[in-house]
Amino acid sequence: MAEIDNKTVEQEEIIPKNFIQQQIVDDLAEGKNGGRVHTRFPPEPNGYLHIGHAKSICLNFGTAKKFGGLTNLRFDDTNPAKEDTEYVDSIMEDVQWLGFDWDDRLYYASDYFDKLYDFAVSLIKKGKAYVDFQSPELISEQKGTPTRPGSDSPYRNTTPEENLELFTKMKDGFYNDGDCVLRAKVDMSSPNMHMRDPLMYRIIKQPHHRTEDKWCIYPMYDYAHGQCDYWEGITHSICTLEFEVHRPLYDWFVDQLKDSDYRPRQIEFSRLNLSYTVMSKRKLLQLVKEGFVKGWDDPRMPTICGLRRRGYTPESMRAFSDMVGITKVDGVTDVAKLEFCIREDLNKRAQRVMGVIDPLKIVITNYPEGLVEEIDAVNNPEDESMGKRKVPFSRELYIEREDFMENPPNKFYRLSPGREVRLRYSYFIKCTEAIKNEAGEIVELHCTYDPETKGGNAPDGRKVKATLHWVAAAQAVKAEVRLYDRLFTDADPLGNKEKDFLELLNPDSLKVLTQCYIEPFVKTAKPLDGFQFERLGYFNIDPDTTTDHIVFNRTVSLKDGFKK
RNA sequence: UGUCCUGUGGUGUAAUUGGCAACACGUCUGAUUCUGGAUCAGAAGAGUUCAGGUUCGAAACCUGACAGGACAACCA
């Protein structure tokens with residue numbers, strides 16, 4: 001094992017936040033691993049990271065940091081048939097964006113291909129591994145089932161000398177894909193399927209994204225992972241629950257390898273499930289490949305890049321990770337928690353702006369034609385230091401169509417005929433007439449304003465029940481706004497026994513509005529800049545934006561207290 | 001008819017290791033407000049899957065059920 005110089009920490013001062021940290025505290029108390037804590041985040045570069053990975057990243061980097069330890073980034077690239085540098089790049093970008101740093105500790109499982117090969121040779125020499133020429137079907141048949149023990153392969157007792165020769169030929173490309181594999185000799189009658197002479201190496205004659213054509217045999221996950229942990233000096237190898245049954249095998253290989261008291265320890269926790277979405281890389285890949293979404297970074301996707309494009313901040317995602325906690329219980333977390341986290345974060349930080357996404361034109365009939373006033377508006381009521389800006393006001397404005405009702409029900413206290421409301425930061429207005437087209441649809445409102453209410457308050461002290469957002473028709477910036485809703489109509493799309501998850505896709509998950517008007521302030525905004533559109537929600541600039549076409553994504557709506 | 005893991009308000013977690021089940025999200029009131037946002041105050045909602053047992057005392061320990069999940073890829 002390499003010398004690692006991370007510092008030890010007094011465990012007394014640390015209060016464990018979950019069962020993993022508790023185990024680390026216990027390990028430290030027992031003096032294990034010389035007091036070191038070293039974790040790793042080990043993605044396979046075969047897809048984009050999603051919010052479940054974000055939870056794991058926060059856990060691994062966060063826990064190590066808490067104990068004064070280190071975290072490695074290690075790409076688990078043992079299968080060239082599935083992996084690609086495109087994914088390597090995106091993964092590094094996402095980890096960094098989330099706010100974590102592996103410093104100079106960037107590794108690949110492929111860094112260890114030579115060492116793994118040598119270790120395999122040593123196992124063969126000890127009679128603990130053999131080359132098996134049976135077909136995959138036969139090997140699978142011999143493995144038995146979880147309830148029925150397996151039986152030995154006829155190749156199980158080949159001599160080490162012969163195995164060595166065969167394995168060398170495997171490595172040298174003498175055989176083709178599927179001809180043979182190297183298996184560990186463990187226990188064909190173990191109740192644990194993974195112990196029934198697991199495969200260590202298989203032949204894949206495909207170039208690898210890093211080792212290119214140096215190898216035609218590649219180690220299996222079970223044969224590679226624990227050894228990589230060992231060589232990197234990992235103390236706590238944190239993974240998800242489905243690897244729980246692999247742990248005896250993980251330990252078996254480490255036992256064959258270790259030459260000191262140090263040993264990495266695998267600890268499993270339950271993966272994150274989020275309501276109204278899917279979190280499997282395979283399913284997400286399918287959504288992308290089959291065009292159900294526009295790409296890995298479609299703002300409806302639970303991928304880190306999708307959420308980033310949607311307007312989520314790293315802070316909000318870390319807060320969310322913290323909030324859901326770490327256990328071994330597998331459940332479904334309500335997306336409402338994620339939405340809470342982004343609202344809470346953006347409420348404190350987002351620049352306020354007024355934007356009308358479903359415009360209804362109003363004319364202030366008693367307001368001078370041609371006059372444009374510059375109205376003071378607060379940039380963020382939660383943060384004085386963000387200052388103020390000017391918003392143009394004139395005779396023709398847009399308000400939100402849903403802020404007017406001709407025949408309002410009891411609890412509706414926005415604009416209606418004869419009723420007075422406030423236009424935010426500017427004046428009180430009263431609706432005098434609703435103009436309709438031949439179809440009877442309201443196309444325009446005529447209103448009057450009270451010049452005495454400039455700034456938003458009446459000198460006579462009279463009150464209004466509602467304050468509406470608005471934009472000046474002539475000065476507003478026209479924009480496209482994309483509204484997102486949950487990707488699936490079912491909270492647990494994979495839990496539905498009758499329907500395939502694709503049938504449960506929400507047909508209204510994307511709504512594109514093209515006739516939106518936003519106050520001129522947003523003109524200079526850059527892609528991914530976020531705003532609160534007052535009374536509507538948080539929106540950010542989509543990278544599809546061009547100089548003459550501005551596109552917003554709705555990150556999340558504001559909580560709406562108005563219920564019909 | 002195997003092995004392993006997991007069962008605490010609607011949801012996610014906690015209960016300093018055996019001492020009155022707590023917190024957050026969500027929901028619902030009310031106050032306040034130039035965002036029906038935010039903020040503030042409050043409420044409802046579990047007696048810890050069930051049945052036994054140990055104990056002065058059990059969510060926790062033991063036994064047995066029941067329920068859910070994982071494992072039979074030359075995937076990770």
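We use all heavy atoms of the structure for the numbers below, so side chains are in, but hydrogens, waters and symmetry mates are not. Computed from a prediction, not measured in an experiment: that's the story for all the values here.
R535(A) has a side-chain polar atom (N or O) that falls below the 4.0 Å cut-off from OP1 or OP2 of rG36(B). Of the side-chain N and O atoms in N79(A), one or more sit less than 4.0 angstrom from OP1 or OP2 of rC75(B).
The closest donor-acceptor contact from the side chain of R183(A) to the backbone of D197(A) lies under 3.5 Å. At distances below 3.5 Å, at least one donor-acceptor pair connects side-chain atoms of T145(A) with backbone N or O atoms of R148(A).
Because its glycosidic torsion is within 90° of 0, rU17(B) is reported here as syn. In this structure, rG57(B) is classed as anti because its glycosidic torsion departs from zero by more than 90°.
Distance CZ (R422(A)) to P (rU33(B)): 11 Å, rounded to an integer number of Å. A straight line from CG of D229(A) to P of rA76(B) spans 15 Å, rounded to a whole angstrom. With rounding to whole Å, L249(A) atom CG is found 13 Å from rA76(B) atom P. Separating the OH atom of Y87(A) from the C1' atom of rA76(B) is a distance of 14 Å, rounded to the nearest angstrom. Between the P atom of rU33(B) and the CZ atom of R424(A) lies a distance of 14 Å, rounded to the nearest Å. Atom CZ in R202(A) sits roughly 7 Å away from atom C1' in rC75(B) (whole-Å rounding). Here rC28(B) presents its P atom at 9 Å from NZ of K559(A), a figure rounded to the nearest Å. In this structure, D560(A) places its CG atom 10 Å from P of rA38(B), rounding to the nearest Å.
Sequence neighbours left out, the pairs with a member in residues 273-285 of chain A that pass side-chain hydrogen bond (donor to acceptor under 3.5 Å, both in side chains) are N46(A)-K281(A).
Residue P149(A) is classed as having no contact, given no heavy-atom separation below 4.0 Å to the nucleic acid. Residue E400(A) is classed as having no contact, given no heavy-atom separation below 4.0 Å to the nucleic acid. Across all strands, Y218(A) comes closer than 4.0 Å to no nucleic acid atom at all (heavy-atom distances). At the heavy-atom level, N347(A) lies under 4.0 Å from base atoms of the strands shown. Across all strands shown, R414(A) has heavy atoms under 4.0 Å from base atoms, whether or not it also approaches the sugar-phosphate. If you check every strand for non-hydrogen atoms under 4.0 Å, Y413(A) touches a base. Within the nucleic acid shown, E44(A) comes within 4.0 Å of sugar-phosphate atoms alone, with no base atom in reach, counting heavy atoms only. Looking at heavy-atom distances under 4.0 Å, G178(A) makes contact with a base. E344(A) comes within 4.0 angstrom of no nucleic acid atom, judged by non-hydrogen atoms across all strands. Base engagement by N457(A) is indicated by at least one non-hydrogen atom pair under 4.0 Å involving a base atom. Among the heavy atoms of the strands lying under 4.0 Å from M220(A) are primed sugar atoms or P, OP1, OP2 only; no base atom is included. Looking at heavy-atom distances under 4.0 Å, T78(A) makes contact with sugar-phosphate atoms alone, never a base. Within the nucleic acid shown, F340(A) comes within 4.0 Å of sugar-phosphate atoms alone, with no base atom in reach, counting heavy atoms only. The residue R196(A) sits apart from the nucleic acid: no heavy atom pair falls under 4.0 Å.
Annotation: rG47(B) and rG64(B) have their C1' atoms spaced 23 Å apart (nearest Å). Between rU8(B) and rU13(B), the two P atoms lie 9 Å apart (nearest whole Å). Atom P of rG9(B) sits at a distance of 15 Å from the matching atom of rG45(B), rounded to the whole Å. Taking the C1' atom of each, rA58(B) and rA76(B) are spaced 41 Å apart, rounded to whole Å. A distance of about 31 Å separates the C1' atoms of rG12(B) and rC75(B), rounded to the whole Å. On the P atoms, rU49(B) is 9 Å away from rG7(B), given to the nearest whole Å. One C1' atom belongs to rC71(B), the other to rA38(B), and the distance between them is 49 Å to the nearest Å. rG18(B) sits 15 Å from rG53(B) when the C1' atoms are compared, rounded to a whole Å.
A donor-acceptor contact under 3.5 Å is formed by the side chain of Q532(A) with the base of rU35(B). For a distance-only test at 3.5 Å, the side chain of R343(A) fails to qualify as a donor-acceptor partner of the base of rG37(B). Judged by atom type and distance alone, H246(A) reaches the base of rA76(B) through a side-chain donor-acceptor pair under 3.5 Å. With hydrogens and angles ignored, no donor-acceptor pair closer than 3.5 Å exists between the side chain of E244(A) and the base of rG69(B). Taking 3.5 Å as the limit, the base of rU1(B) and the side chain of R148(A) contain no donor-acceptor pair of atoms between them.
Of the options Y218(A), F113(A), F167(A), Y130(A), a ring pair (Phe, Tyr, Trp, His ring centres under 6.0 Å) to Y201(A) is made by F167(A) and by none of the others. Screening Y517(A), F404(A), W470(A) against Y398(A) for a ring pair (Phe, Tyr, Trp, His ring centres under 6.0 Å) leaves a single residue, Y517(A).
The pairing partner recorded for rG42(B) is rC28(B), the criterion being a Watson-Crick or G-U wobble arrangement whose two distances lie under 3.5 angstrom. Searching all strands for a Watson-Crick or G-U wobble partner of rA59(B) with both distances below 3.5 Å returns nothing. Taking a pair to require two hydrogen-bonding distances under 3.5 Å in either a Watson-Crick or a G-U wobble arrangement, rU48(B) remains unpaired. Remark: rC74(B) base-pairs with no nucleotide in the shown strands. Criterion, Watson-Crick or G-U wobble with two distances under 3.5 Å. Under the Watson-Crick and G-U wobble criteria, each requiring two contacts below 3.5 Å, nucleotide rC4(B) is paired to rG69(B). Across every strand in view, rG18(B) sits unpaired, with no contact that passes the Watson-Crick or G-U test at under 3.5 angstrom.
Taking the side chain of Y221(A) as heavy atoms from C-beta on, and the options rA76(B), rC71(B), rU1(B), the nearest nucleotide is rA76(B).
For the pair R271(A) and M279(A), the minimum side-chain heavy-atom distance is 4.5 Å or more. A 4.5 Å side-chain heavy-atom check between L73(A) and M92(A) finds at least one atom pair inside the cut-off.
Within 6.0 Å of the NZ atom in K205(A), the count of heavy atoms belonging to other residues, nucleotides or ligands exceeds 12. Other residues, nucleotides and ligands place no more than 12 heavy atoms under 6.0 Å from the CD atom of E141(A).
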*Apply side-chain contact (heavy atoms from CB on, under 4.5 Å) to V131(A) and F133(A), showing your working.*
CA-CA 7 Å; V131(A) 177; F133(A) 283 87; 3.6 Å; yes
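Residues Q23(A) and D27(A) bring no donor and acceptor atom of their side chains to less than 3.5 Å of each other.
The residue among Y201(A) and F533(A) whose nearest nucleotide of RNA chain B lies closer to the 5′ end is F533(A). Of the residues near RNA chain B, H194(A) and K463(A), the one whose nearest nucleotide (by heavy atom distance) lies more toward the 5' end is K463(A).
Between F243(A) and Y221(A), the ring planes are tilted. Angles from 30° to 60° get that label.
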Expected string for nucleotides 7-15 of chain B under the B/S/- scheme (protein heavy atoms, under 4.0 Å, primed atoms plus P, OP1, OP2 as sugar-phosphate) is S---BSSS-
